Amino acid sequence: SGMPTGIPTTSPSGMPTGIPTTSPSGMPTGNPTNSPSGMPTGSPTTSPSGMPSAFPSAVPSTTTAGPTGTPSESPSGMPSALPSAVPSATTVGATGTPSASPSETPTTSPSSMPSSAPTPTPGTQRILKVVITTDNYPAETSWEMKNSSGSMMMSGSGYSGAGEVFEDDMSVDDGLYEFTINDSFGDGICCSYGEGSYNLYVDDVPVMQEDGGKFGSSETKQVRVGAVPCGEHRVKVEILTDNYPAE
C-alpha cells in the first residue's frame, strides 16, 4: 500500500544464521557407528568365570546327614539267632561286677575216704619219753614200755627218792607201743601217800591230757607214735575186781 522506505538490495539486510541444506535442520551430536556406543567392560570368554569348588563323585556318600525318620524305642524284630550257650574261650574282661561269694558252696569234707592208710616213711624215728614223779614210797613203783610185738623197749624201777622226777627216753619207729606202770602196795602213786604222777611224750608233745597216778596195782596205756600201719592195733582189757569177783 506504500512504497519501500529504502532502496532494495540484492541481498538481505543480514546474513542468514546458517546455510540451508538438504539435510535435517540440525547436525547429529556425533557420527553414527556400526558398533555400540561404548566398549564392553571385559572381553567375553567361552569358559565359566571360575572353577567349581568340588567335582561331583561318581560314588554316592556312605554317610547320611541324618535319619530320615524318628527311631523306634524297640527293635523292629527278633534277632535272627540266639547266643551260643558255650562262652568264648577267650575273655577280654569281666562283663559285670564279680559276686561276693562263689557260685557253689564248697564241701566241708573230702569226697571220699582214702583207699588205704598212709605208709610210714622208712627210717623215720621219734623220741618217746617217760616222766615219773614218785610218791612217798618210790621203791613200790616200776614201769615198762613194749612195742606191738611185745618186746621190751625200756623200763624203770628201784627208785629211792620220794617226790622226785625221773625221765627216760629213746628213739622209736612209728607204731603202737604199750606202757604199764605198777605199784607193789596196790595204792598207785597218788594221792594218799604223796603226789606222784606219770606222763608220756612223743617229740615233747604230751600223749595224755593229764598226768596219771590214780590207779591200784597197775595201769596200762596205748601209745601211738606217728602213722600206724593197718593190722597193728591191739586192745587190752584189765579188770580190777571187788570183794565179790564172781558177780
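Source: prediction; values computed, not measured.
- In the hydrophobic clustering of ILVMFWY residues, with side-chain heavy atoms under 4.5 Å counting as a link, Met154 and Val225 come out together.
- Checked by atom type and distance alone, the side chain of Thr180 never pairs as donor or acceptor with a backbone atom of Thr220 at under 3.5 Å.
- The local environment of CZ in Phe185 is sparse, with at most 12 non-hydrogen atoms from other residues, nucleotides or ligands closer than 6.0 Å.
- Ser171 places no side-chain N or O within 3.5 Å of a backbone atom of Arg126 that could act as its donor or acceptor partner.
- Of all heavy-atom pairs between Ser217 and Gly186, the closest is OG-CA, 3.7 Å.
- Taking 4.5 Å as the limit, every side-chain heavy atom of Met145 sits out of range of all side-chain heavy atoms of Met152.
- Linking ILVMFWY side-chain heavy atoms closer than 4.5 Å, directly or via other members, places Val207 and Phe179 in a single hydrophobic cluster.
- Annotation: side chain of Asn182 is not in contact with side chain of Trp143 (no heavy-atom distance under 4.5 Å).
- Taken from CG in Leu200 to CD in Gln222, the straight-line distance is 11.0 Å, to the nearest 0.5 Å.
- Residues Lys214 and Cys191 meet the side-chain proximity criterion, which asks for heavy atoms closer than 4.5 Å.
- Between Val131 and Val165, the closest side-chain pair of non-hydrogen atoms falls below 4.5 Å.
- Of all non-hydrogen atoms in Glu195 and Cys190, the two that sit nearest each other are OE1-SG, 3.6 Å.
- For the atom pair CD (Glu164) and CD1 (Ile132), the distance works out to 13.5 Å, reported to the nearest 0.5 Å.
- Under the 3.5 Å distance criterion, the side-chain polar atoms of Asp203 are matched with a main-chain donor or acceptor of Ile127.
- Note: Ile189 CD1 to Thr134 OG1 = 8.0 Å, rounded to the nearest 0.5 Å.
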If you apply the rule side chain to side chain contact (heavy atoms under 4.5 Å, CB included), what do you find for Ile181 with Thr141, and how did you get there? CA-CA 7 Å; Ile181 186 169; Thr141 302; 4.2 Å; yes

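- In terms of hydrophobic clustering, with Ile, Leu, Val, Met, Phe, Trp and Tyr side chains grouped at heavy-atom distances under 4.5 Å, Met208 and Met153 are assigned to a common cluster.
- Annotation: side chain of Met170 is in contact with side chain of Val172 (closest heavy-atom distance under 4.5 Å).
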Test Asp187 against Glu140 for side chain to side chain contact (heavy atoms under 4.5 Å, CB included), laying out the working first. CA-CA 10 Å; Asp187 61 351; Glu140 298 176 357; 3.9 Å; yes

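- Between Tyr137 and Asp135, the shortest heavy-atom contact is N-OD1, 2.9 Å.
- By the side chain to side chain contact (heavy atoms under 4.5 Å, CB included) test, Ser151 is found to be paired with Asn147, Ser149, residues two or more places apart in sequence or in another chain being considered.
- Across all their heavy atoms, Asp211 and Ser197 have their closest contact at CB-CB, 3.9 Å.
- More than 12 heavy atoms of other residues, nucleotides or ligands shown are found within 6.0 angstrom of OH on Tyr201.
- In the displayed structure, Leu240 atom CG is contacted under 6.0 Å by at most 12 heavy atoms of other residues, nucleotides or ligands.
- Side-chain contact, Glu219 with Tyr198: a donor N or O sits under 3.5 Å from an acceptor N or O.
- A single hydrophobic cluster is seen to contain both Leu128 and Phe166, as judged by linkage of ILVMFWY side chains at heavy-atom distances under 4.5 Å, directly or through other members.
- The pair Asp204-Lys129 meets the salt-bridge criterion, with a side-chain N (NZ, NE, NH1 or NH2) lying under 4.0 Å from an Asp/Glu carboxylate O.
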